[in-house]
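To keep things clear, I will list the structure first and then write my remarks on it.
A quick note: this is a predicted structure, and the numbers were derived from the prediction, not measured.
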Amino acid sequence: MTLTKAHIVDAIADQIGYPKNHSSEIVEILLELIKKALESGDDVLISNFGKFCVKEKGKRRGRNPATGKDMILEPRKVVIFRSSGRLKKRINGVRG
């Protein structure tokens, strides 16, 4: 199952007791803060979870999968997520 924004809103509403519209607003504000930080080139570090970073990819050669023709891919920015050591342990079944 994929965790969606709606699932997060429902979980906040259920666990904290906020109305769903208030929970939705909290999630939207949080996501907007993360987006703005990444847009400005800042990293987003969430303790015991991980770090979102913006990485610049340079110009490179690629291939159009539809035609098979070689082409040059322009430089671009991508978002990278690096999980924390604690999250990695948890995913692998090690608590602590």
With a sphere of 6.0 Å drawn around OH of Y18, does it hold more than 12 non-hydrogen atoms of other residues, nucleotides or ligands? no
Hydrophobic clustering (ILVMFWY, side-chain heavy atoms < 4.5 Å, transitive) - are F52 and V78 grouped together? no
Atom pair CD1/CG of I80 and D43 - distance to nearest 0.5 Å: 11.0 Å
Output for pair (K5 NZ, L30 CG), nearest 0.5 Å, gives 10.5 Å
Rounded to the nearest 0.5 Å, what's the gap from CG on L87 to CG on N92? Could you check? 9.5 Å
Do E32 and K36 come close enough that some side-chain heavy atom pair is under 4.5 Å? yes
Is the shortest side-chain heavy-atom distance between H7 and T4 below 4.5 Å? yes
Between CD1 of I12 and CD of E25, what distance do you get to the nearest 0.5 Å? 11.5 Å
Mind listing the closest non-hydrogen atom pair of V9 and K20 along with its distance? CG1-O, 3.7 Å
Measure the spacing between CG of L45 and SG of C53 and express it to the nearest 0.5 Å. 9.0 Å
So if I apply the side-chain contact (heavy atoms from CB on, under 4.5 Å) rule between R76 and each of K59, E56, R60, which one comes out positive? R60
Which value, rounded to the nearest 0.5 Å, describes the distance between L31 atom CG and I8 atom CD1? 7.0 Å
Would F49 end up clustered with I34 when hydrophobic side chains under 4.5 Å apart are linked, directly or stepwise? yes
Consider only side-chain heavy atoms of I, L, V, M, F, W and Y, link residues closer than 4.5 Å, and tell whether L3 and V79 are in one cluster. no
pair L73-R61: side-chain heavy atoms closer than 4.5 Å: no
